[in-house]
Undergrad: 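One structure follows; several queries about it will come next.
It should be emphasised that the depicted structure is a prediction, and the values quoted were computed from it without experimental measurement. Per chain, numbering begins at 1; letters A, B, ... match sequence-line order.
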There are 2 protein chains.
Amino acid sequence: MSEAVTVKGRATRARIVEGAAEVLREQGVAFTTLDDIRGRTGTSKSQLFHYFPAGKDELLLAVARFEADRVLADQQPHLGRLDSWESWQQWRDVVVDRYERQGDHCPLASLFLQVGRDRPGARAIVTELMHQWQGQLARGMRALQKNGLVSPALDVDRVAAALLAGIQGGVTIMMSTGDSTHLKAALDTGIDHLRAAPPDAA
Amino acid sequence: MSEAVTVKGRATRARIVEGAAEVLREQGVAFTTLDDIRGRTGTSKSQLFHYFPAGKDELLLAVARFEADRVLADQQPHLGRLDSWESWQQWRDVVVDRYERQGDHCPLASLFLQVGRDRPGARAIVTELMHQWQGQLARGMRALQKNGLVSPALDVDRVAAALLAGIQGGVTIMMSTGDSTHLKAALDTGIDHLRAAPPDAA
DNA sequence: CGAAAAATGGACCAGCAAGTCCAGAAATCC
DNA sequence: GGATTTCTGGACTTGCTGGTCCATTTTTCG
């Protein structure tokens, strides 16, 4: 936005976004006020509006961007090296672990319900995230094909899309029910599906 | 709750729930006020609180129950007769169609973000819905096994859980991006997974 | 028909949370 | 070092929304 910021300014802005992300993860968007964020980040009202002139929505969008980055970052380096069965397994464990840890509020999901997904920018964030994520999964599957572990006939893009959907749904269900069974089932069945398509299949 | 209701009373209550469900589907929970619901249902404030003494949350919960019932009902009769490949395919089409129609607000997802999933009752509704849904999928898979179309060795419960997760995630992604590719991929890959496990497999 | 209970209309209240404003402190820059 | 810009503090405003209250109408039922 405005480029005229000092070091201190950038630091404050970052502090606000990170602090807001924490609060939102703990309380959920619907129950978080600007004063909660103020409290957590040790800032004043004017600071909030100084860095996010358009108000709460702009701040929430910034948090969404922040959280979206975290999602993929938390899966690295495994997500980037899905070229053997072991690496897939390791990645699976990291995903399960990450989402079991993360309280029971999905920051991204709720963020978009609040901001409204039509907002320019809002939709783009999710779309981009999904695109990246699916791309990395597909790359991993192609690596398996290259290494002769999976049939070259496999429709990688479709299976990657399905796996991604399974993860999303698994997380959603976990958020609602508190049970990670579905997430694990989606991951394991997804990987099984790859295993069930060996290159020497009839 | 209170049993002393007249025919008119029941009708009004139902009108409120159904009208509220409509508005919520269109605008999303975060942007819907009691006055919106009043407007749509042609009721007064006092009626709202007469039928839902605990206020908005109680009303939202009633809507959630209503929507949860609709979810499974909309998939019938197909969901109840998943005993052949054709019936699975038909069911798949119905699911895709249903969710493509339904605007871009998932009533249930947003409802719980607002009410808070810890509320007694809230969690139960989702859990119960997922349980029923998964149960029907598993029953269908067992029917396939019985009919000699799928290996009896298949871990039906896990695969059903994974398929359910895929559907949820597919819907979630569609809500955010407006694209039903993932939902279709999840359904098709899920069914493929069944097809890939014939009873005469080595 | 008449009393009691249920249903309805709508004015009113209260609190909260987003957003505004301006004065003052700190940094930047020439 | 002084002017200018950025940053910060916090009191204040304002609109909205959930919720209350009571008077009135309608229904029920003996």
Undergrad: Check whether the ring centres of A:W85 and A:W88 lie less than 6.0 Å apart, and answer yes or no.
TA: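 Between A:W88 and A:W85, which both carry aromatic rings, the centre distance is not below 6.0 Å.
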Undergrad: Nearest whole angstrom, please: distance from the C1' of D:dC7 to the CZ of A:R10.
TA: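 It works out to 14 Å between those atoms.
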Undergrad: Return the nearest nucleotide to the side chain of A:H50; candidates are D:dG9, D:dT6, C:dA11.
TA: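 Taking heavy atoms from C-beta onward, the closest nucleotide is D:dT6.
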Undergrad: If I take atom CZ in residue A:R38 and atom C1' in nucleotide D:dC12, what distance separates them, rounded to the nearest angstrom?
TA: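 Computing the A:R38:CZ to D:dC12:C1' distance gives 14 Å.
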Undergrad: Closest to the B:S46 side chain: C:dT8, C:dT28, C:dA18?
TA: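 Out of C:dT8, C:dT28, C:dA18, the nucleotide with an atom closest to B:S46's side chain is C:dT8.
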Undergrad: Nearest whole angstrom, please: distance from the C1' of C:dA7 to the CG of B:L48.
TA: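 Going from CG in B:L48 over to C1' in C:dA7 covers 13 Å.
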Undergrad: Go through C:dA27, C:dG9, C:dG19 for me and flag the one nearest to the A:K8 side chain.
TA: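 Among the listed nucleotides, the one closest to the side chain of A:K8 is C:dA27.
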Undergrad: Tell me the interatomic distance from A:L60, atom CG, to C:dA18, atom C1', rounded to whole angstroms.
TA: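 Computing the A:L60:CG to C:dA18:C1' distance gives 12 Å.
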Undergrad: Check B:D83 with B:R139, please: is the shortest side-chain N to carboxylate O separation under 4.0 Å?
TA: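 Salt bridge between B:R139 and B:D83, a charged N being under 4.0 Å from a carboxylate O: no.
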Undergrad: In whole Å, I'd like the distance from the CZ atom of A:F49 to the P atom of C:dA17.
TA: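 After rounding, the reported distance stands at 13 Å.
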Undergrad: Quick one: B:L59 CG to D:dG19 C1', roughly how many Å, whole number?
TA: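 Spelled out: CG on B:L59 to C1' on D:dG19 is 13 Å.
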Undergrad: Starting at the 5' end of DNA chain D, which residue's closest nucleotide do you reach first, A:R15 or B:D57?
TA: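 Checking each residue's closest nucleotide, the 5'-ward one belongs to A:R15.
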Undergrad: Closest heavy-atom contact between B:A162 and A:A185?
TA: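 Taking every non-hydrogen atom into account, CB-O, 3.5 Å.
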Undergrad: Please confirm whether the shortest side-chain N or O distance from B:Y51 to OP1 or OP2 of C:dT8 is below 4.0 Å.
TA: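 Yes, such a contact exists.
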Undergrad: Under 4.0 Å between a side-chain N/O of A:T12 and OP1 or OP2 of D:dC7, yes or no?
TA: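 Checking A:T12 against D:dC7: no side-chain N or O falls below 4.0 Å of OP1 or OP2.
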Undergrad: Ignoring the backbone of A:S44, work out which of D:dT8, C:dA6, D:dG18 is nearest its side chain.
TA: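 So the side chain of A:S44 is nearest to D:dT8.
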Undergrad: Out of C:dA18, D:dT6, D:dG18, which has the shortest distance to the side chain of B:L34?
TA: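 Shortest atom-to-atom distance from the side chain points to D:dG18.
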Undergrad: Answer with yes or no whether A:K45 presents, from its side chain, a donor or acceptor under 3.5 Å of a partner atom in the base of C:dG19.
TA: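 Flag set: donor-acceptor pair detected.
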Undergrad: With a 4.0 Å cut-off, would you call A:R40 and A:E18 a salt bridge?
TA: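 Answer for the salt bridge query: no.
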Undergrad: Tell me: CD1 of A:I37 to P of C:dA17, nearest whole Å?
TA: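 One finds 12 Å between P of C:dA17 and CD1 of A:I37, rounded.
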Undergrad: Any side-chain donor-acceptor pair under 3.5 Å between B:T177 and B:D179?
TA: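 Judged by distance alone, the side chains do not pair up.
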Undergrad: Please report the distance, rounded to the nearest Å, between CG in A:D36 and P in C:dA17.
TA: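 Spelled out: CG on A:D36 to P on C:dA17 is 7 Å.
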Undergrad: Hey, which of these two, B:V7 or B:K56, hits DNA chain D nearer its 5' end, going by closest nucleotide?
TA: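 Whichever sits nearer the 5' end wins; that is B:K56.
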Undergrad: Less than 4.0 angstrom between a side-chain N/O of A:T33 and OP1 or OP2 of C:dC16, yes or no?
TA: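 It does not, given that no N or O in the side chain of A:T33 lies less than 4.0 Å from OP1 or OP2 of C:dC16.
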Undergrad: Check every atom of D:dT8, C:dA6, C:dG9 against the side chain of B:Q47 and return the nucleotide holding the closest atom.
TA: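 So the side chain of B:Q47 is nearest to C:dG9.
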